[in-house]
Amino acid sequence: MSQNHFILDVLGIKDPNIKVQTVEEEKIGPETAREITAKLTYPITRCRNCGFTKVVRNGYRKTHIRLASLDGVRYELILWKQRYYCKCCNSTFGAITSLTKENHTLSKKLKSQVMQLVKQGLNGELIAKICHCSPSSVRRTIIERVQPHYRMAKLPKHLCFDEFRSTKSTMSFICCDSETHQLVVKLYDRLSSSIINYFENRYSKQERAQVQSVVIDLNAQYQSLIYRLFPNAKVIIDRFHIVQLAGRALDNSRISLLKTLDKHSREYRILKSQWRLFHQKVTTLRPEKPVYLLGINEYMTRQNAVDLITNKFPRFKAVYDTYQDITLAIAGRDSELLMSAIRDYQTTKTEMDTTISTLRKNLKAVINSVKYEFSNGPLEGINRKIKVLKCSCYGFANQEFFFLRIDCLFA
């Protein structure tokens with residue numbers, strides 16, 4: 001095998017019509033590039049335009065092709081392409097190669113290298129630096145290679161609904177499959193009209209009737225449109241949002257109680273420094289093991305610290321017991337305990353009243369959260385990756401291009 005053929009094999013160039021002439025190192029700006037000079041020529045019998053056979057060679061045309069980097073070094077292919085002249089139609093045309101698209105300077109392998117880095121969530125400038133091209137070339141490659149999805153071939157039976165912050169503080173709708181975690185759709189906004197139009201225009205009523213469940217947060221807007229779009233679907237409130245709502249009510253009750261206490265009192269120091277104890281499950285407090293509690297500067301059991309507060313403040317005790325019942329019911333998937341915690345609750349004139357009122361309004365969907373295994377966990381994981389992408393790329397100004405970058409992550 002000749003040295004020229006070896007160079008072509010190393011660079012992954014399979015076109016037999018390309019003949020390497022020289023390989024040199026050249027200084028291009030701040031970096032050193034390896035320039036490979038080659039010729040592209042092959043015999044041709046008929047004109048590309050008119051089809052007649054009166055075709056003659058007509059010199060060469062110099063072109064530059066950016067090759068994929070092998071060892072972090074920039075590779076440039078200076079390719080002299082054969083020109084042809086047709087004596088019948090007086091037209092000229094050049095030799096073509098599969099190495100790149102016609103009139104393009106980036107090779108197909110370099111574009112594939114760019115897309116591999118794009119799928120890892122790197123920002124455009126870093127990808128351009130690694131691949132030795134411009135950020136605008138990276139952007140054009142993404143737009144060329146990634147097409148926005150119109151719809152899924154088959155609508156999943158179990159869906160998750162949520163939203164995420166896209167560009168310019170706009171909240172966008174997102175939906176995924178609860179079982180396979182595959183992204184179903186992203187919409188530019190979260191308006192009910194946009195969501196309804198998307199599903200009604202792309203899926204028939206029979207397809208939408210096959211959806212069995214939809215997991216949502218405590219957004220009342222979603223519930224109203226779910227019954228219209230998916231008449232046979234069961235609405236499931238995400239378990240995390242139920243616990244979060246009850247935990248926020250517990251914290252607000254604790255803070256309100258703190259404001260009424262002396263800052264030097266024992267109770268104040270327990271509520272202030274050991275607030276995490278009130279969020280722990282009763283089964284994990286371990287009443288038999290004394291520990292040193294920072295902030296209180298005493299040895300006592302965690303259960304004793306909680307009892308000191310709940311025994312002295314009965315209103316806070318009612319809030320605390322309700323929170324514990326809700327968390328234990330959700331953790332143990334006990335629908336009866338969850339039902340009794342919501343229905344048997346007595347008003348305490350705290351924020352827990354609002355929480356229980358919200359859960360009562362959505363009681364059927366709340367009970368479904370412990371009956372079924374589905375949750376918004378997969379969608380929260382997708383949203384996390386989207387946030388990391390935004391952070392690594394320092395935000396996006398164009399929402400359409402942002403959605404293309406998201407498609408690259410989950411392609």
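Predicted model, so just to flag it, every value in this text is computed and none were measured. No hydrogens, no waters, no symmetry mates; every other heavy atom, side chains included, goes into these values.
- Put simply, the side chain of Phe316 reaches to within 4.5 Å of the side chain of Ile309, judged on heavy atoms.
- Taking the ring axis of Tyr150 as reference, the NZ or CZ atom of Arg202 stays within 45° of it and closer than 6.0 Å to the ring centre.
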>> Determine whether Arg48 and Ser91 satisfy the following criterion, side-chain hydrogen bond (donor to acceptor under 3.5 Å, both in side chains), listing intermediate values before the conclusion.
In response: CA-CA 9 Å; Arg48 192 186 301 171; Ser91 64; over 6 Å; no
> Stepwise, does the ring-ring contact (aromatic ring centres under 6.0 Å, His included) test hold for Phe199 with Phe230?
Replying inline: CA-CA 10 Å; Phe199 284 102; Phe230 314 109; 5.4 Å; yes
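- Panel note: side chain Glu207, backbone Ser204; a donor-acceptor pair is recorded below 3.5 Å.
- Here ring pair (Phe, Tyr, Trp, His ring centres under 6.0 Å) pairs that include residues 57-83, with residues two or more places apart or in two chains, number zero.
- Residues Arg83 and Arg57 form no side-chain contact, since every pair of their non-hydrogen atoms from C-beta on lies 4.5 Å or further apart.
- Contact check for Asp177 versus His181: no side-chain heavy atoms found under the 4.5 Å cut-off.
- Val291 places none of its side-chain heavy atoms less than 4.5 Å from the side chain of Met300.
- Pairs engaging residues 234-261 under the ring pair (Phe, Tyr, Trp, His ring centres under 6.0 Å) rule: none recorded [sequence neighbours left out].
- Without hydrogens or angle criteria, Asn376 side chain to Asp238 main chain gives no donor-acceptor distance under 3.5 Å.
- Annotation: salt bridge (Lys or Arg N to Asp or Glu O under 4.0 Å) contacts of Arg139 (sequence neighbours excluded): none.
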